[in-house]
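Read the structure below first, then the notes.
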Amino acid sequence: MYMPELPEVETITRNLNINLVGQKLLSIDFLRKDIIAEKLNPVSEYLLLGESIIKVFRYGKYLLFQFTNNYLMIVHLRMTGKLLYLPLLSEEDKNLYLNHKHTHVIFNFSDGELLFNDVRRFGKIYFSKIDNSVTLEELLNSGPDALSENFSKDYLYQRSQKSPKKAIKTFLLDQKIVAGIGNIYADECLFLAAIKPNRAAASLTREESSTLHDKIIQVLEDSILSGGTTFSDYRTADNHKGNFQNKLFVYGRAGESCRICSNTLESIKIAGRTTVYCPKCQI
DNA sequence: CAAACATCCTGGGTGC
DNA sequence: TGCACCCAGGATGTTT
């Protein structure tokens, strides 16, 4: 029922930046080794042991941990992945998660343990070497981050005009076009921009594209302020839920009434993804 | 070349 | 109450 998108990853990033920077990685316990993916310029995890974290940052839905020797640990939580910093948990949660059947990797840092927990095991961890000839965009095979300056109004409009067939919803979900938007926020920003999700991307006027750009940034920033959206699985690094689920207009509300016009919200499939929209407000 | 489809995975929900 | 099914979804690889 839920996947961490840009606002949720940003919330976790901020939390870990406060709590993990400066700590030395002492050892890693792999309870399941298949979480580690041999991609993104892979290196052995042994090269990171004994090194300290310089910073934790985010690109799209990826979490990146930069170490003193300039190696990177990159984490993608996909749908149900969690990164939990043990010292922030309650005593009850500490015992629960240490022995949890879905806790797959334990990182032992100088001041506490970081747990990777993932029910569906779609999430992945990469250990990577920074190659200065390769940009982060290229390494992560992604377009501009949705909250970066590179994701400009002009870029969104020009790029949309090059997708004559693709539905605007599918367009927004494509990380190579813009990084960070998933199913929840794609539906939300299309609702706020009053655009029907199955319209061809290239059918957007310059004005619609401009409004959509405004709404993407607005909805992502608002959600970050609320600590993200929680349906069932998402937790911040201190195991708290976000609050943005109470502010959603369409996602998860099929059959309920539109908060603007009271019409019944409809659910359709676009490229295999559940899509909820208001047939009256969105044109 | 782009779009559609299958794949990975588990728990929660439904219907009989 | 139990069991068999179905569904959710991000990114990748394969097929059309």
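Rounded to 10 degrees, the angle separating the terminal helix axes of the helix from B:dA2-C:dT16 to B:dC16-C:dG2, each built from five base pairs, is 60°.
For A:His76, a side-chain nitrogen or oxygen approaches OP1 or OP2 of C:dA11 to under 4.0 Å. At the phosphate of C:dA11, OP1 or OP2 sits under 4.0 Å from a side-chain N or O atom of A:Lys61. In this model, the phosphate group of C:dA8 is not approached by any side-chain N or O of A:Tyr251 to a distance below 4.0 Å at OP1 or OP2. Contact check, A:Thr80 against B:dT10: no side-chain N or O comes under 4.0 Å of OP1 or OP2. Regarding contacts with the backbone of B:dG11, a side-chain N or O of A:Lys101 is found under 4.0 angstrom from either OP1 or OP2. Side-chain nitrogen and oxygen atoms of A:Arg78 include none within less than 4.0 Å of the OP1 or OP2 phosphate oxygen of C:dA11. Distances shorter than 4.0 Å separate none of the side-chain N or O atoms of A:Lys176 from OP1 or OP2 on C:dG10. Side-chain nitrogen and oxygen atoms of A:His102 include at least one within less than 4.0 Å of the OP1 or OP2 phosphate oxygen of B:dG11.
When every heavy atom of A:Ser226 is checked against every heavy atom of A:Lys247, the shortest pair comes out as OG-NZ, 2.8 Å. A:Leu64 and A:Tyr59 make their closest contact through CD1-N, 3.7 Å (heavy atoms, listed as atom of the first residue, atom of the second, distance). What you find for A:Cys278 and A:Asn263 is that their closest heavy atoms are SG-CB, 4.3 Å.
For A:Met79, the side-chain atoms get nearest to C:dG10 when compared with the rest of C:dT12, C:dA8, C:dG10. You'll find that the side chain of A:Val119 is closest to B:dT10, out of C:dG9, B:dT10, C:dA8.
Where A:Arg273 and A:Thr170 each meet DNA chain B at their nearest nucleotide, the meeting point lying more 5' is that of A:Thr170.
Under the 30°/60° scheme for interplanar angles, the aromatic rings of A:His102 and A:His100 are found to be tilted. Between A:Phe107 and A:Phe109, the ring planes are tilted. Angles from 30° to 60° get that label.
At the heavy-atom level, A:Lys162 lies nowhere under 4.0 Å from the strands shown.
Think of A:Leu225 as one node in a network of Ile, Leu, Val, Met, Phe, Trp and Tyr side chains linked at under 4.5 Å; it has no links at all.
Atom CZ in A:Arg121 sits about 10 Å away from atom P in B:dG11, given to the nearest Å. Following rounding to the nearest Å, A:Lys124 (NZ) and C:dG10 (C1') show an atom-to-atom distance of 11 Å. A:Asn141 has its CG atom 10 Å from the C1' atom of C:dT12, to the nearest Å. Rounding to whole angstrom units, CG of residue A:Asn117 and P of B:dC9 are separated by 17 Å. Residue A:Arg120 contributes atom CZ, which lies 11 Å from atom P of C:dA8 at whole-angstrom precision. Separating the CD1 atom of A:Ile268 from the P atom of C:dA8 is a distance of 13 Å, rounded to the nearest angstrom. We find that OH of A:Tyr126 is positioned 15 Å from P of C:dG10, with the value rounded to whole Å. For the pair A:Leu140 CG and C:dG10 C1', the interatomic distance rounds to 14 Å; values are reported in whole Å.
A distance below 6.0 Å separates the ring centres of A:His213 and A:Phe151.
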Yes or no on salt bridge (Lys or Arg N to Asp or Glu O under 4.0 Å) for A:Asp118 and A:Lys124, after CA distance, side-chain angles and deciding distance?
-> CA-CA 10 Å; A:Asp118 189 0; A:Lys124 288 278 179 271; over 6 Å; no
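Residue ring and nucleobase are not stacked for A:Phe122 and C:dA11 under a centre distance beneath 5.5 angstrom and an angle between planes beneath 30°.
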